[in-house]
Each structure stands twice: as C-alpha cells, then as structure tokens.
Chemist: 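Can you keep this structure in mind? I'll have questions shortly.
Only this structure's heavy atoms are used, side chains among them; waters, hydrogens and symmetry mates stay out. Note that the structure is predicted; figures quoted are calculated from it, not measured. So you know, we letter chains A, B, ... as the sequences are listed, proteins then strands, and number each from 1.
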Amino acid sequence: DASDNIPGVPGVGEKTALKLLWEYGSVENVLENIDKISGKKLQENLRNNTDKALLSKKLATMLYDIPTEIDLDKMSYRRPDEKVFAGALDKYVLKSVARIWHEHHGIGEEERGIAQEEALKPWPLRELSTEEWLVQLAKWQADTTPLILTYGSTGGNPHWGKVTGWGMAAVGESFILNWTDADPEVRQAFIQLLEDPAVSKQVGDSKLLYSLLLNEEINLRGVALDISLAAYLINPTRNKFESLELVKEYIPGVGEFGNLAEEASALAQVADSYKETLEELGLSALLHEMEEPLSPILARMENQGIAVDVQRLKEFGQELTVELQRLEQEIYADAGETFNINSPQQLGHILFEKLGLPPMKKTKTGYSTDADTLEELRTQHPIVDKVLDYRQLSKLMSTYVNGLLAQIHEERVHTTFQQTVTATGRLSSTEPNLQNIPIRLELGRLLRKVFTPTQEGWVLLSADYSQIELRILAHYSQDQVLCESFSLNQDVHTRTASEVFGVPMEDVTKDMRRKAKAVNFGLIYGLTDFGLGRDLGVPRKEAKTYIEKYFHRYEGVKRYLEEIVVKAKEEAQVRTLLNRLRRIPELRHPNRVQRQFGERIAMNTPIQGTAADVMKLAMLGVAEALKPYRANLLLQVHDELVIEVAPEDVEEVAKVVRDEMENAFPLSVPLTIECKTGPNWYDMESYSFE
DNA sequence: GGCTTTTCGACTCG
DNA sequence: TCACGAGTCGAAAAGCC
C-alpha cells in the first residue's frame, strides 16, 4: 500500500500477492516455499526482498499488546436490549447487520430456514417436442408469473451478433431453446411472446438483448426486471455484472453454469432478493421508471449509428501524416538522433539527459514528460513545442482517424453505451467512444466535420444543457446569489467574478472571469486550494484566498457543502435528487488522503449524478416526443443530445426537444438549453427559436 | 524465445 | 499529494507456454 508507505515486494501487486497468500496461507510460509513458486523473476524478487516482505507485514499488522488501562471485563459482550438495538439498526437501515444478528441469536426457526434455503438447487430441465413447445409458450402467453430469460449469442460486438439460444425458468422448471435451428412455428410463437408487453420477463443486461433482437427485427417488450441494472443501482461501483456474479451476491459459493437453463434457474432464485434490496434502498422507482425504460432507447441509438464521411476522414488522416512526418524529422534533427517519440521513456532520456533540460517532476518509472511539464520547458528548447504538437497530432491520428476507420461499418459507426459503469449514474461510451471526440483545440475540432446525418439532406441538431451542474448546486444549496444569478439568466462566471473580486459585472476582466470559472468548476469537484492553484497556475496561497472570498459571498454554497459532507460521513453514502445511491467507504478509511477523497466524492456525486438523472429523464421524454417526426436520437454526451432530423421537421423537433429537456425535472432555478443545427457536427450554428 | 495480457503514461471529452 | 467522472492508444513490463 504505497499511500501508507508500506513497501511490499517489487513485481508483486494485489493479484500476485493474493494468489500466493491463497496458496501458502501466510507471508512466512510463502517465503519458506520460494522454490516451489512458478516464475523465475518472481522467485528472485522474493529472495532479494525477504526483509521488505516481512517489514510490510509487520507494518500492516494490528498490534494487540499495547499497554492499556481498559478493564476487559467491562467490555465483555452482553446481548443488547433487543428493542433498542433493533430500533437502532432500523434507523440506520442496517438490514444485513440485522439479518446477521438474528441469525446468530436465532429467535425464530424461520430465519434459520431462510439460511438453509440459500443453497442453490437447479430446477429440473424439461425437454420439449415441437408440439409441447407450442403448448408451453401459449401457457406462458396467458400466464402472469414472470419468466426468467437467459440468452446465448454469437458474441463479440452486439451490433452484428445474433441470439443463438434461449434459457428459461419459471415455477420450478427450466427450459432450453436452440434458436438458430428452431422450428418455424415455435420461432413465431416465441417472437410473439417476446414482443408481448403483457408477458413479464426478467433478464440480465436487457440492453444487450434489445440490441441483438433489433438485428433480427424483433422488438422486445415487457421487461419487468433487468437484474444487471438492479445490481448497478444497489451498488454502482461494482464491476462485474455477469449472471454468475449476480447470483453469487445472494448465494455465495456457486460454481459455473452448465447451460442456459441452469443460468436461468439460478437467476430466478435471486430475482426476488434483488427486488427486496431495491425496495429497502428506495431504488425501485429509479429502476423501473428511469433505467429500464432507457435501455431500449439506448439500444436504438446504438443500432441506428452515426454516419461518417470516410473520404473526408481519410483525407484528414493524410494531412496529419504529412505534418507528423515533418515534425518527426525536425525533432530528430533537434535531438541529434532518431528515437521513438511516442515512448515517454526514450523521450525523457533525450530531453533530460541528452539535452540537459531540467526535470520538473517524476513518475514512478522515470521522468515525467506530460503536457504540463513540457509547457514549462517550452522556452528552453525548440524541440519541446514540436514534441507537444507531435503528441497532439499523434493522438488524433491513432485514436480518431485510424481508430475510427477501423470501427466503420457501411459508412456508420455504432458505439456501445455502457449503462452500468460509472459511479455517478452517467453513461459511458465504448468501441468507439463517441463522448470524447475533440472540440477544445481547433485542429482536433475539425474532425467533427466527418460526423454527418445518414440521409442526404438531413441535418444534425445538437441540444446541450447550459451550466446544468451549477444550476443543480444552486438548487441544492438555495444560495441566494447563485439562485439569483440563474433566475436573471446572467453569465454565471462573470457574476462569480464580480462577487469574488468586488467589482461591478461590467468591469469584470477576461482574467477575472477565467479565474472565477475555475473556482466554479472546482466547487463541483470538491474544491482544494492545491487543485485550483495547479489548474490556474497560481500559488496555492493565492488560490486559497479566491476560495475564501468565494465562500464569503456564497454562504449558502459553503453551508451546503459542509452539510452534505457531515451527512455523508454519518451515513457513509450520498444520494442524488432522484434517489440514486452511492456508498462512500472512503469516508471511513483510516488513511487521511483517502478520507478527503471521500469528502470530495460526497460533494461531487449528488451534483454530477443529478445531472445524469435529469439527462436520462430528458432522453425518455425526447425519445417519446420524437416518434411522430422524421428524426433519430444518435448520441448523448453527458449534457448534450445529438439528433438527426429531416429538414422539414427541424423547427418542430427543436421545439419538442427544448421542451422535454428544459422540463425534464423541475428545479428551483430554470434549466435552459442551447440548440444548434448544421450539416455536420462541426459546422453547427445556433438555432434561434420563434 | 515468442506470443499474450496487464500496467503505465499520455491524450481525449463533460 | 490531490481536484470529479469517463475511454483509447502505444510502449513497456509482466505473465505464460
């Protein structure tokens, strides 16, 4: 644990350490059995660092022989007053502690019974003939009990995969249906079942299933529970959502599944536990009314894809290549030798050893050569600027030209929106990531020209929330100045500068506004003088005075941030306006740095997470409102929606989009959007209403 | 020794 | 020693057969 200065053994990280301890039981035993351990390098490291290994263990071991005056007898455990204790557990929603306590002090046999039942018993697999399938499917069609569905697919990218088979579980029985060569009649009946909203289905990763089924033009309906999304809301920081992992949560020690039917019957046996936990945590509405309905919308967006002008992208790549080659030659000339500019190691050697530039800071493996460092060295040697340019171009070429080209299918790219990844409730985007297409620097921004509507003559419409996070902060804090600023629709950074620097708004200089803007951003992140100072390039002390001045003028914000941290510490969790939950174990971490990290999470998550909630609600509204029009939702970039629309519908679509976004969820300050339209994602012009 | 996986450092976005 | 939340790339290091 580097943050506690515990050295450990080089080359042994969490993975290797756990493996060794699992096998040998103790550090000492590992060291005695070095010969038996596979891996020559590993053996050598352990031999050469025996002392470090033992020291590390010593440092991390709790001491039990501290002299103390506490009377141990007085500390002996006595059974608590059941009523008081149960009341306390109830107050703090410590459901699982309550369960454990009841198990150990087992009053009723009922609790014991539940514990017994925790073992997984696979439901018998029924094999059906074609006729039997038709009967069974008709029965489910008429039934109201939920059907648990699992599915196998061709794998890989969901956008060109197919379902290969189904597993089902219901009322103590399980079934398998080979989809690839199913009888046509059975197929038809099953499709009808899938598309019937009245037949409730419980599944894992419904968005994947929506996607796969869209490939064969089947519209899945009636998803009554998505267990992956349920697990995500219960703990948004978990990272495994495979069925097996979801089952293990409530039935520990389960091995692997033999087939789709076993998977289905296992999921069936934990589905109710998930529902109960959701209910206990107050997350059911968020699941059923926000996340679950969002999945099919995201699947549609992914399936639709966004068109890419391949010719233009290739030309852009050729221009970059020319420029990269020129820079490369100049850099080699300045360095006096050729080397791999993309290697931080080799670059560090050239800059700090050969050319003798002063190293600013270090990474764990050598000299730091990041943009901040190089920025400092710009004036000292002409090579530095060229390296910065080279890096920028090289990123554009590798990730955005070559990376994007590799993802194109029939002139379009189809991202995958991840709905269970972020700790705050945001979406993320992968393969390709379309949420980080360059915009800040002009050269990179030009790339946006290649993103166009699929149909000739259509236009792109982009609508983004203006300052949504600061508006949410205003709503939470009810700070008088901040609320007023938004009610009057002022430029919030200028107003902040005016307050902090004590000048009228019209006298605010560009530099004052820039600093105020940094403070406003910092607030959302859980402001530190160190971070603000680094961001602004001013001494930490100066940053501190800005913060003090800010909090002097914005007392409501100050009070809110203090209160949310206090509350978060009491509960070890925070929630968004729509009740999304994030536990923050860091707040109870023994290490101070970790605890402070927890405090910043407590300040940031309700804001970032509420913004994510509002956007998700807006998407539900927008998707529904777009149905009568020739328009497709294409992308969500956190506070922006990108839509393609036929020219004759632009005016009305812009109106309904604005209406849905601005009224997605009422805050005590107005929410406003800015709308732009254009032939591609670069040439966008402000769209003015009326 | 050669191939694959993981980690690191750099860059991109809101 | 630090701003919050993400993803991808190429190089280097580590792991595996």
Chemist: Do A/R582 side-chain and C/dG5 base share a donor-acceptor contact under 3.5 Å?
Modeler: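 Not at all, since no donor on one side and acceptor on the other fall under 3.5 Å apart.
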Chemist: Determine, for A/E599 against A/R595, whether the closest basic-nitrogen to carboxylate-oxygen distance falls under 4.0 angstrom.
Modeler: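 So A/E599 does not pair with A/R595 through a salt bridge.
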Chemist: Hey, does A/E469 reach any base, or is it just sugar-phosphate, or nothing, if we go heavy atoms under 4.0 Å?
Modeler: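 Answer is nothing: A/E469 stays at 4.0 Å or more from every strand.
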Chemist: Would you mind telling me which of C/dT8, B/dG14, C/dG10 lies closest to the side-chain atoms of A/Y525?
Modeler: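 Selected nucleotide (nearest to the side chain): B/dG14.
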Chemist: Can you tell me which nucleotide in C/dA6, B/dA10, C/dA13 comes closest to the side chain of A/T422?
Modeler: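 The closest nucleotide is C/dA6.
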Chemist: Looking at B/dT12, B/dG14, B/dA10, which one has an atom nearest to any side-chain atom of A/D639?
Modeler: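 Of the candidates, B/dG14 comes closest.
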Chemist: Would you call A/E375 and A/R378 a salt bridge, using N to O less than 4.0 angstrom?
Modeler: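 The answer is yes: the pair qualifies as a salt bridge.
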Chemist: Once you apply a heavy-atom cut-off of 4.0 Å, does A/L427 come out as touching a base, just sugar-phosphate, or nothing?
Modeler: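 Answer is nothing: A/L427 stays at 4.0 Å or more from every strand.
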Chemist: Are A/R426 and C/dG5 close enough that a side-chain N or O sits under 4.0 Å from OP1 or OP2?
Modeler: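 A/R426 to C/dG5 OP1/OP2: no side-chain N or O under 4.0 Å.
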Chemist: May I ask you to say what A/N436 touches in the nucleic acid, namely base, sugar-phosphate or nothing, with a heavy-atom cut-off under 4.0 Å?
Modeler: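 A/N436: base contact, heavy atoms under 4.0 Å.
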Chemist: Within the side chain of A/Y465, is there an N or O that forms a donor-acceptor pair under 3.5 Å with the backbone of A/M661?
Modeler: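 Side chain of A/Y465 to backbone of A/M661: a pair is present.
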Chemist: Under 4.0 Å, counting only non-hydrogen atoms across every strand here, what does A/I439 touch: a base, just sugar-phosphate, or nothing?
Modeler: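 Counting heavy atoms under 4.0 Å across all strands, the contact made by A/I439 is with sugar-phosphate only.
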Chemist: With sugar-phosphate meaning primed atoms plus P, OP1 and OP2, does A/A611 contact a base, only sugar-phosphate, or nothing at under 4.0 Å between heavy atoms?
Modeler: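 Nothing, no nucleic acid heavy atom in range.
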Chemist: Counting only side-chain nitrogens and oxygens, does A/S428 get under 4.0 Å of the OP1 or OP2 atom of C/dG7?
Modeler: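 A/S428 to C/dG7 OP1/OP2: side-chain N or O found under 4.0 Å.
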Chemist: Nearest nucleotide by nearest heavy atom, which residue falls closer to the 5' end of DNA chain C, A/Q596 or A/Q608?
Modeler: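 Per heavy-atom nearest nucleotide, the more 5' residue is A/Q596.
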Chemist: Assign A/A612 to base, sugar-phosphate, or nothing according to its heavy-atom contacts below 4.0 angstrom with the strands shown.
Modeler: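 A/A612: no heavy atom of the nucleic acid under 4.0 Å.
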Chemist: Establish, with yes or no, whether the OP1 or OP2 oxygen of B/dT12 is under 4.0 angstrom from a side-chain nitrogen or oxygen of A/N433.
Modeler: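 It does not, given that no N or O in the side chain of A/N433 lies less than 4.0 Å from OP1 or OP2 of B/dT12.
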Chemist: Give a yes or no on whether A/K567 atom NZ has more than 12 heavy-atom contacts from other residues, nucleotides or ligands under 6.0 Å away.
Modeler: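 Open.
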Chemist: Please state how far atom CZ in A/F451 lies from atom C1' in B/dC13, giving the value in whole angstrom units.
Modeler: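 My rounded result for the distance is 12 Å.
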Chemist: From C-beta outward on A/R440, which listed nucleotide comes closest to its side chain: B/dG14, C/dA13, B/dT12?
Modeler: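 The answer is B/dG14.
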Chemist: Return no unless some side-chain N or O of A/T369 is found under 4.0 Å from OP1 or OP2 of B/dA10.
Modeler: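 Answer is yes, contact under 4.0 Å.
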Chemist: Using the C1' atoms only, state how far B/dC11 lies from C/dT1, rounded to an integer number of Å.
Modeler: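 Per the computed distance, 23 Å lies between those C1' atoms.
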Chemist: Can any side-chain N or O of A/E586 pair as donor or acceptor with the backbone N or O of A/Q594 at less than 3.5 Å?
Modeler: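 A pair under 3.5 Å: no.
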Chemist: Determine the Euclidean distance between corresponding P atoms of C/dA3 and B/dG9; express it in Å to zero decimal places.
Modeler: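 The same atom, P, in both gives a distance of 14 Å.
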Chemist: For the residue pair A/W681 and A/F451, categorise the inter-ring angle as parallel (less than 30°), tilted (30 to 60°) or perpendicular (more than 60°).
Modeler: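 Plane angle over 60°, so perpendicular.
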Chemist: Take the protein atom CZ of A/R580 and the nucleotide atom P of C/dC4, then report the distance between them rounded to whole Å.
Modeler: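 Distance, rounded to whole Å: 20 Å.
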Chemist: Counting side-chain heavy atoms from C-beta on, which of C/dG5, B/dA10, C/dA12 comes nearest to A/A423?
Modeler: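 Within the option list, the nearest is C/dG5.
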Chemist: Which of the following nucleotides, B/dG14, C/dC2, C/dA13, is nearest to the side chain of A/F530?
Modeler: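 For A/F530, the side-chain atoms sit closest to C/dC2.
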Chemist: Indicate, with a heavy-atom threshold strictly under 4.0 Å, whether A/N402 touches base, sugar-phosphate, or nothing.
Modeler: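 If one applies the 4.0 Å heavy-atom cut-off, A/N402 turns out to touch nothing in the nucleic acid.
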Chemist: Between A/R534 and C/dC2, is there a side-chain N or O to OP1/OP2 distance below 4.0 Å?
Modeler: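 No, no such contact exists.
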Chemist: Can you tell me if A/T430 touches the phosphate of C/dG7, counting only side-chain N or O atoms and a distance under 4.0 Å to OP1 or OP2?
Modeler: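 For A/T430, the contact criterion (side-chain N or O under 4.0 Å from OP1 or OP2 of C/dG7) is not met.
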Chemist: Using whole Å, report how far CG of A/L470 lies from P of C/dC4.
Modeler: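 One finds 17 Å between P of C/dC4 and CG of A/L470, rounded.
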Chemist: Specify the separation, in whole Å, of atom CG of A/D372 and atom P of C/dA3.
Modeler: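 Going from CG in A/D372 over to P in C/dA3 covers 10 Å.
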Chemist: Contact class for A/A406 (heavy atom, under 4.0 Å): base, sugar-phosphate, or nothing?
Modeler: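 The residue A/A406 makes no contact with any strand.
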Chemist: If I take atom CG in residue A/L536 and atom P in nucleotide C/dA3, what distance separates them, rounded to the nearest angstrom?
Modeler: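 The distance from CG of A/L536 to P of C/dA3 comes to 14 Å, rounded to the nearest Å.
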Chemist: Applying a 4.0 Å non-hydrogen cut-off, can you work out what A/T605 is touching in the nucleic acid: base, sugar-phosphate, or nothing?
Modeler: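 Nothing, no nucleic acid heavy atom in range.
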Chemist: Under the criterion side chain to side chain contact (heavy atoms under 4.5 Å, CB included), I'd like the reasoning laid out for A/T369 against A/L374: C-alpha separation, chi angles, the key distance, then a yes or no.
Modeler: CA-CA 6 Å; A/T369 66; A/L374 264 43; 4.2 Å; yes
Chemist: Could you tell me how far apart A/Y367 (OH) and C/dA11 (P) are, to the nearest whole angstrom?
Modeler: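 From A/Y367 OH to C/dA11 P: 21 Å.
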Chemist: Using the side-chain heavy atoms of A/N604, tell me which of these nucleotides is nearest: B/dT12, C/dC4, C/dC2.
Modeler: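 That would be C/dC4.
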Chemist: OP1 or OP2 of C/dA13 versus the side-chain N and O atoms of A/Q345: is any pair under 4.0 Å?
Modeler: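 Answer yes for this pair, as a side-chain N or O of A/Q345 is under 4.0 Å from OP1 or OP2.
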Chemist: Give the rounded distance in Å between these two atoms: NE2 of A/H638 and P of C/dA6.
Modeler: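 Taking NE2 of A/H638 and P of C/dA6, I get 10 Å after rounding.
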Chemist: Could you report the tightest heavy-atom contact between A/L634 and A/G305, atom names first, then the distance?
Modeler: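 Looking at all heavy atoms of both residues, the shortest contact is CD2-O, 3.4 Å.
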Chemist: Looking only at the side chain of A/V421 (C-beta and beyond, no hydrogens), which of the listed nucleotides C/dG10, C/dA3, C/dG7 gets closest?
Modeler: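 The listed nucleotide nearest to A/V421's side chain is C/dG7.
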Chemist: Please determine whether a side-chain nitrogen or oxygen atom of A/S343 lies at a distance below 4.0 Å from atom OP1 or OP2 of C/dA12.
Modeler: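 Yes, such a contact exists.
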Chemist: Given A/K207, which of A/E302, A/E291, A/Q419, A/Q418 fulfils the side chain to side chain donor-acceptor pair (under 3.5 Å) condition?
Modeler: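 Option passing the side chain to side chain donor-acceptor pair (under 3.5 Å) with A/K207: A/E302.
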Chemist: Rounded off to whole Å, could you give me the OH-to-C1' distance for the A/Y465 and B/dG14 pair?
Modeler: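 Atom OH in A/Y465 sits about 15 Å away from atom C1' in B/dG14.
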Chemist: So A/E640, base contact, sugar-phosphate only, or nothing? Heavy-atom distance under 4.0 Å.
Modeler: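 No contact at all - A/E640 keeps every heavy atom at 4.0 Å or more from the nucleic acid.
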Chemist: With a non-hydrogen cut-off below 4.0 angstrom, is A/Q346 in contact with a base, only sugar-phosphate, or nothing?
Modeler: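 Contact class for A/Q346: sugar-phosphate only.
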Chemist: Given C/dC4, is OP1 or OP2 found less than 4.0 Å from the side-chain N or O atoms of A/R600?
Modeler: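 A/R600 to C/dC4 OP1/OP2: side-chain N or O found under 4.0 Å.
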Chemist: Given C/dT1, B/dG14, B/dA10, which nucleotide is nearest the side-chain atoms of A/R540?
Modeler: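 Of the candidates, C/dT1 comes closest.
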Chemist: From C-beta outward on A/L527, which listed nucleotide comes closest to its side chain: C/dC9, B/dG9, C/dA3?
Modeler: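 The closest nucleotide is C/dA3.
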Chemist: Counting the atoms with a prime plus P, OP1 and OP2 as sugar-phosphate, which does A/F597 contact under 4.0 Å by heavy atoms, base, sugar-phosphate, or nothing?
Modeler: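 Sugar-phosphate contact only.
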